[in-house]
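Starting off with a structure, shown below.
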Amino acid sequence: MTKLLDIKLIRENPEMVRNNLERRHAQEKLDLLNIVIAADKKWRELTTKVNKLRKRRNEISSEIALALKDGRDSNSLIEEAKNIPEEIKIIEIELQNQQNIVKNGLMGLPNLLHESVPYGKDDKDNVIIKIWGNQPQFNFEPKSHAELATKLGIMDIERAAKASGAGFYYLRNEMVLLDYAIMRYAVDFLMSKGYTVIEPPYMIRRSFYEGVTDLSDFENVMYKIIDEENEKDPLYLIATSEHAMGAMLKDEILNESALPIKLCGISPCFRKEVGSHGKYTKGLFRVHQFNKVEQFIFCKPEQSWSLHEELQNNCEKLYQNLELHYRVVNVCTGDIGSIAAKKYDTEGWMADREFREIGSNSNCTDYQARRLNIRYRHKEGQVPVGYVHTLNNTAIATSRTMIMIFEQHQQEDGSIKIPKVLRKYMNDIEYINGTINKLEI
RNA sequence: GCAGAGGUGCCAGAGCGGUUAUUGGGCUAGUCUCGAAAACUAGUGGCCUUGAGCCUCAAGGGUUCGAAUCCCUUCCUCUGCGCCA
């Protein structure tokens, strides 16, 4: 049975699970929990009942086998046995029903929160734990990245809307260089920290996808590839390489000596952004496609909390080297999302003097690993001892990072100063001024 | 896309309608040893109300008193051939 939370935990400690839901303000999930508990009880009763019938069936079958072997008459035994499968089948159907209720219920229950997650209702209750750098000072009115990039002739949102709809972009020349430079810079940084770089498949089967994400994401976030060939298990475009990296080790048993496995994924991300009306959608902030370098870790349970901090340090170092002003929040119980036990959001400063999310760092503990069935063992040849923990954190999303670079490093003449660490990746350009191979259209 | 061969436990690999899923290897424990190796012995998945219990041979259905074994559907892997950047 696919598990999300451990059904045994719910049986033995329902109050703890209930308190967790209350802290999350997940009132509607309390009913779900009660349904799960009731169905599990029913399932256990039926299991006992059906096991007794199966036992009788097995006994008769072996008696028949013995009789046939000895050449004795077995007709009366066969007569007796004929009715049993029907009885078993009736119970098995009900057993399956109850099991499905439990399974679907478990899939719908969120992860257990870490005690250090602050209590709160929504994103206004997130706790600021760090502010790095100072607010940029301008002796002119700073412009938005969209205005700057459009004027420089290196981003074309209007024509993208014509070709593909809202939420897309054509980048040109220096902005393309910048996009790639950010990725190369982040990849080099993480490689120097020992992370293995992964370019994953950009499409994943639904059955694998269910392990790494919330089910509602299939409607609101992911693009489905319509293909009559594989309707049963269709492919979805990845919304982040996190999903592809989690799915990579599905159903595997890892040797303890291999852990932690530290990965750096690089890929485009595709997101439908259904229901984002009213949210901040200017320019590159909320788009259907963007590039991202992602950190992902599989580790032993006792390693995950220190690695959660390591992932945070990594992404902050990237922004610090880019000379960008940001802050970090500890996401509160009401805003954390179902798969994380604890989450830090990194928020970047933008020219309208607001901080907005640029990265998200989650310790998912064993929640994803249970769904994906990824376990570990002490050494080769031994039986698995438990589920691994998984963590993921944005290293850098190029779209939102470009927003910050444009808005924080803009000059009075509308040019953009390139942070030193990126220059070697973009032909040593110091300022973006839109003059390279300018397209006059 | 077409054709063929496959999917069995931690791993390899046999079984192809009948009581207990052969057999290796690995791993764990014990015996022996100053210790180790070797050898030998036992164990080595999941579930529940712990019983001479039930389940487990890619997944799901079916046939049967009884299915790893026969039939159907789906998924996956490998090997050819075709197509293709």
Side-chain angles (χ1 to χ4, degrees), chain A residues 1-12 36-104 106 199 201-211 225 227-236 244 247-259 366 369-388:
Chain A
M1 183 190 291
T2 310
K3 287 177 273 187
L4 163 47
L5 288 180
D6 192 346
I7 185 68
K8 284 183 184 169
L9 178 76
I10 293 175
R11 266 179 217 154
E12 288 160 16
V36 167
I37 290 171
D40 177 57
K41 186 162 177 282
K42 185 81 181 160
W43 177 82
R44 282 182 289 160
E45 287 166 8
L46 291 167
T47 297
T48 303
K49 205 168 159 188
V50 80
N51 279 351
K52 283 178 182 161
L53 281 169
R54 283 169 175 162
K55 182 186 175 187
R56 183 65 195 138
R57 179 198 61 194
N58 292 347
E59 281 169 355
I60 296 179
S61 288
S62 33
E63 282 170 36
I64 292 171
L66 268 178
L68 287 172
K69 201 175 166 189
D70 299 346
R72 286 184 279 114
D73 177 58
S74 58
N75 286 340
S76 61
L77 285 168
I78 291 178
E79 272 312 304
E80 184 188 350
K82 271 190 176 158
N83 297 320
I84 296 182
E86 185 66 19
E87 287 180 62
I88 290 178
K89 178 152 285 180
I90 290 167
I91 300 175
E92 276 180 342
I93 289 168
E94 189 52 28
L95 202 60
Q96 189 64 48
N97 287 342
Q98 298 302 324
Q99 187 176 322
N100 286 342
I101 294 170
V102 172
K103 179 181 164 180
N104 294 334
L106 289 176
E199 183 176 301
Y202 298 164
M203 301 171 213
I204 300 285
R205 290 179 213 285
R206 183 180 174 116
S207 57
F208 279 66
Y209 227 127
E210 285 171 354
I225 311 292
D227 180 353
E228 286 174 10
E229 295 296 315
N230 53 23
E231 267 178 7
K232 285 259 166 77
D233 199 359
L235 290 166
Y236 284 78
M248 181 171 78
L249 297 185
K250 184 170 158 64
D251 295 324
E252 296 201 26
I253 299 164
L254 307 170
N255 288 335
E256 192 176 281
S257 59
L259 299 174
D366 62 359
R370 274 179 197 283
R371 293 179 161 211
L372 289 166
N373 191 31
I374 303 175
R375 294 170 293 169
Y376 71 104
R377 61 184 159 214
H378 291 313
K379 62 188 212 188
E380 190 72 39
Q382 287 189 341
V383 150
V385 292
Y387 293 99
V388 298

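Each chain gets a letter, A, B and so on, in the order the sequences are listed, and its residues count up from 1.
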Q | Gap in Å between the two P atoms, one belonging to B:C54 and one to B:U19, rounded | A | 15 Å
**Q.** Pairing residues for A:Tyr376 by the ring-ring contact (aromatic ring centres under 6.0 Å, His included) criterion, not counting sequence neighbours
**A.** none
Please tabulate the protein-to-nucleotide N/O contacts below 3.5 Å involving nucleotides 64-66 of chain B, giving atom names and distances.
from, atom 1, to, atom 2, distance (Å)
B:G66, O4', A:Ser61, OG, 3.1

Q. How would you label the contact of A:Lys89 with the nucleic acid (heavy atoms, under 4.0 Å): base, sugar-phosphate, or nothing?
A. sugar-phosphate
Q: Output yes when A:Glu59 and A:Arg56 qualify as a salt bridge under the 4.0 Å nitrogen-oxygen rule, no when they do not.
A: yes
Q. Taking 4.0 angstrom as the limit, do A:Glu87 and A:Lys49 come out as a salt bridge?
A. no
Q) Please give, in whole Å, the distance from B:C10 C1' to A:Leu254 CG? A) 13 Å
Q | Inter-residue atom distance A:Ile374.CD1 - A:Asp251.CG, 0.5 Å rounding | A | 8.0 Å
**Q.** Shortest non-hydrogen separation from A:Glu92 to A:Arg54 and the atoms involved
**A.** OE2-NH2, 2.9 Å
Q) Hey, is NZ on A:Lys250 packed in by over 12 heavy atoms from elsewhere, all under 6.0 Å? A) yes
Q. Rounded to the nearest Å, what distance is computed from the CG atom of residue A:Leu95 to the P atom of nucleotide B:C48?
A. 12 Å
Q | B:U73 versus B:C84 - spacing of their C1' atoms, nearest Å | A | 31 Å
Q. Based on Watson-Crick and G-U pairs with both distances under 3.5 Å, what dot-bracket line describes RNA chain B 5' to 3', crossing pairs as [ ] and inter-strand pairs as |?
A. ((((((((.[[[..)..(....]]]((((((.......))))))((((..).)))..[[[[[..)....]]]]])))))))....
Q: Using the P atom as the reference point in each nucleotide, state the distance between B:A21 and B:G9 in Å, no decimals.
A: 15 Å
(Q) If I pick the C1' atom on B:C75 and the same atom on B:A85, what distance separates them, to the nearest angstrom? (A) 28 Å
(Q) Heavy atoms only, 4.0 Å cut-off, all strands: where does A:Thr48 land among base, sugar-phosphate and nothing? (A) base
(Q) Taking 4.0 Å as the cut-off, does a side-chain nitrogen or oxygen of A:Arg44 come that near to OP1 or OP2 on B:U49? (A) yes
**Q.** Residues A:Lys41 and A:Glu45 bridged, charged N to O under 4.0 Å
**A.** yes
Q. So what does A:Lys52 hit on the nucleic acid, given a heavy-atom distance under 4.0 Å: a base, only sugar-phosphate, or nothing?
A. nothing
Q: Identify which nucleotide among B:G62, B:C27, B:C48 has an atom closest to any side-chain atom of A:Lys379, counting heavy atoms from C-beta outward.
A: B:C27
Q: Flag the pair A:Val383 / A:Ile253 as yes when at least one side-chain heavy-atom distance between them is below 4.5 Å, and no otherwise.
A: no
Q: Take the protein atom CG of A:Asn58 and the nucleotide atom P of B:U20, then report the distance between them rounded to whole Å.
A: 7 Å
Q: For B:G30 versus B:C47, give the span between their P atoms, rounded off to a whole number of Å.
A: 27 Å
Q) Once you round it to whole Å, what is the distance between P of B:C48 and NZ of A:Lys42? A) 18 Å
**Q.** Nearest-nucleotide 5' precedence on RNA chain B, A:Arg377 against A:Ser62
**A.** A:Arg377
Q) Can you tell me how far the CD1 atom of A:Ile91 sits from the OG1 atom of A:Thr48, to the nearest 0.5 Å? A) 10.5 Å
**Q.** Span that lies between the P atom of B:G53 and that of B:G61, in whole angstrom
**A.** 26 Å
**Q.** Closest-nucleotide 5' rank along RNA chain B - winner of A:Asp40 and A:Val383
**A.** A:Val383
Q | Rounded interatomic separation in angstrom, taking CD from A:Gln382 and P from B:C11 | A | 14 Å
Q.
Can you measure A:Lys250 atom NZ to B:C75 atom P for me and round it to whole angstrom units?
A. 17 Å
Q) Is A:Arg56 touching bases, backbone alone, or none of the nucleic acid, heavy atoms closer than 4.0 Å? A) nothing
Q) How long is the gap from CD1 on A:Ile101 to CG on A:Asn104, to the nearest 0.5 Å? A) 8.5 Å
Q) P atom, B:G13 versus B:G7: distance in rounded Å? A) 10 Å
Q: Report the distance from atom CD of A:Glu63 to atom P of B:A52, rounded to the nearest whole Å.
A: 17 Å
**Q.** Nearest-Å distance for atom pair CD/P, residues A:Gln98 and B:C47
**A.** 19 Å
Q: Return the nearest nucleotide to the side chain of A:Arg54; candidates are B:G18, B:C54, B:C48.
A: B:C54
(Q) Could you tell me how far B:U20 sits from B:A36 if I compare only their P atoms? Round to whole Å. (A) 41 Å
**Q.** Minimum heavy-atom distance between A:Pro384 and A:Arg377, given as atom pair plus value
**A.** CA-CB, 3.9 Å
